[in-house]
Amino acid sequence: MQLIYEKYYRTLGQNVAFYRKRRRLTQLQLSEAADISRNHLSRIENADCAVSLDAVFAIANALGVEPYKLFQNKE
């Protein structure tokens with residue numbers, strides 16, 4: 001992950017956690033629904049790794065939100 005994109009990864013991670021908690025899902029439940037490991041989901045939420053578009057689309061689909069919402073700043 002390039003540091004110049006760190007703020008985008010942080011926003012993505014915060015939004016994934018926000019929508020996951022809003023739907024009252026655990027990390028394990030969401031990771032299973034998105035077909036990724038719980039560890040990978042945790043790293044995404046903590047902005048600790050780069051993430052593929054396939055993973056973003058799978059997470060958005062599992063959360064029932066449009067993918068772009070995972071990148072929007074909440075202000």
Side-chain angles (χ1 to χ4, degrees):
M1 172 173 57
Q2 294 184 21
L3 290 178
I4 59 173
Y5 301 125
E6 184 178 356
K7 70 179 182 176
Y8 300 113
Y9 285 106
R10 194 173 321 110
T11 298
L12 171 66
Q14 290 170 345
N15 286 335
V16 168
F18 171 81
Y19 286 112
R20 175 179 61 78
K21 291 172 184 175
R22 183 187 222 187
R23 296 216 37 216
R24 297 177 186 217
L25 296 172
T26 65
Q27 284 185 340
L28 181 60
Q29 290 169 322
L30 177 56
S31 68
E32 288 174 348
D35 197 29
I36 61 174
S37 73
R38 194 213 52 84
N39 185 52
H40 190 176
L41 179 62
S42 176
R43 292 186 69 209
I44 291 168
E45 288 188 0
N46 289 302
D48 192 33
C49 69
V51 60
S52 71
L53 282 176
D54 286 345
V56 170
F57 295 151
I59 291 167
N61 186 54
L63 290 170
V65 300
E66 293 294 324
Y68 75 88
K69 291 190 174 254
L70 298 179
F71 293 97
Q72 287 184 322
N73 287 322
K74 297 207 179 324
E75 299 182 69

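Only a predicted model underlies this, so the values are computations on that prediction, with no experimental measurement involved.
When all heavy atoms are compared, the tightest approach of Ala62 to Ala34 is CB-N, 4.1 Å.
Side-chain contact between Leu30 and Thr26 is absent, with no heavy-atom pair separated by less than 4.5 Å. Side-chain atoms of Leu12 and Tyr8, non-hydrogen and from C-beta on, never get closer than 4.5 Å to each other. Using a 4.5 Å cut-off on side-chain heavy atoms (C-beta onward), Thr11 and Leu70 make no contact. The shortest side-chain heavy-atom distance between Ile44 and Ile36 falls under the 4.5 Å cut-off.
Looking at Arg20, its side chain does come within 3.5 Å of a backbone N or O of Leu25 through a donor-acceptor pair. No donor-acceptor distance shorter than 3.5 angstrom exists from the side chain of Ser42 to the backbone of Arg38, with no hydrogens or angles considered. Using modelled atom types, one side-chain atom of Asn15 and one backbone atom of Gln72 make a donor-acceptor pair closer than 3.5 Å.
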Review point. After noting the C-alpha distance and the side-chain angles of Phe71 and Val56, does the key distance pass the side-chain contact (heavy atoms from CB on, under 4.5 Å) rule?
Key: CA-CA 10 Å; Phe71 293 97; Val56 170; 3.8 Å; yes

Exercise for review: Walk me through it: do Cys49 and His40 pass the test side-chain contact (heavy atoms from CB on, under 4.5 Å)?
Suggested key: CA-CA 8 Å; Cys49 69; His40 190 176; 3.8 Å; yes

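Tyr5 and Val16 fall within a single hydrophobic cluster, where Ile, Leu, Val, Met, Phe, Trp and Tyr are joined by side-chain heavy atoms under 4.5 Å apart, directly or via other members.
Atom CZ in Arg23 sits 10.0 Å away from atom CD in Gln29 (nearest 0.5 Å). Between atom CZ of residue Phe57 and atom CD of residue Glu66 there is a gap of 10.5 Å, rounded to the nearest 0.5 Å. Rounding to the nearest 0.5 Å gives a distance of 8.5 Å between CD of Gln27 and NZ of Lys21. Atom CD of Glu45 sits about 13.0 Å away from atom CZ of Phe18, to the nearest 0.5 Å.
Environment of CG in Asn46: crowded, with over 12 heavy atoms of neighbouring residues, nucleotides or ligands closer than 6.0 Å.
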